[in-house]
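Atoms within a ligand are numbered from 1 in the order they appear, just like the ligands themselves.
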Amino acid sequence: MVKVLFVCLGNICRSPVAEAIFNKRIKEAQLVHRFLADSAGTSAYHLGDPPDQRSVSNALGNGVKVSHSARQVVREDFSEFDYILAMDRDNLQHIQLMAQIQEVSHNGIFLIRSFQSNAQGLEVPDPYYGGKHGFQKVFDVLDDCNQRFIEYLLETH
Ligand code: 4NP
């Protein structure tokens, strides 16, 4: 079983949507016995909270049901997950620093957009303080990332 952890700051806007899109695509492709996803945040701001209502309703408008309880990245995640995909550079650095401090080596930590073509180094923008439009932009980016990433997984595993 290949396990994927999507990581953002609060675990209420971006990463729960990434997780939901991934799991929906995997379910539709009848690959649930091979791949699964979860999500977590680098901060403790929203521990136990449901996903942001704006993320939930926007995703639902795109046919994706999002349900999650916010949690923080923990040490065990480095052994549990094969891939840890960060939404932006701040979160990538946070995860890499955590791995370094805890003396774990992990070769599956990436920026999620590195799986898109022509998006090297680009981030998934934080929609939290912006308007409604930002949530659809995030959804579109995550949908494309997941499509590419799943293609990569199928070629690699
Ligand atoms: P997320 O968005 O990292 O995509 O879940 C945010 C959620 C909450 C905050 C920032 C970003 N916050 O500052 O509380």
Tracing side-chain links under 4.5 Å among I, L, V, M, F, W and Y, which residues wind up in one group with Leu92?
Leu5, Val7, Val73, Phe78, Phe81, Ile84, Ile95, Met98, Val104, Ile109, Leu111

Using only heavy-atom distances, determine whether the side chains of Gln136 and Asn62 contain a donor-acceptor pair under 3.5 Å.
yes

Taking ring pair (Phe, Tyr, Trp, His ring centres under 6.0 Å) as the criterion, tell me which of Tyr83, Tyr152, Phe149 meets it with His157.
Tyr83

Taking only heavy atoms of the protein into account, state which residues are under 4.0 angstrom from an atom of ligand 1, in chain and number order.
Cys8, Leu9, Gly10, Asn11, Ile12, Cys13, Arg14, Tyr45, His46, Asp126, Tyr128, Tyr129

Residue pair His68 / Asn11, side-chain donor-acceptor N/O under 3.5 Å
yes

Only counting residues at least two apart or in another chain, list the ones meeting ring pair (Phe, Tyr, Trp, His ring centres under 6.0 Å) with Phe139.
none

Sequence-distant partners of Tyr45, ring pair (Phe, Tyr, Trp, His ring centres under 6.0 Å), two or more places apart:
none

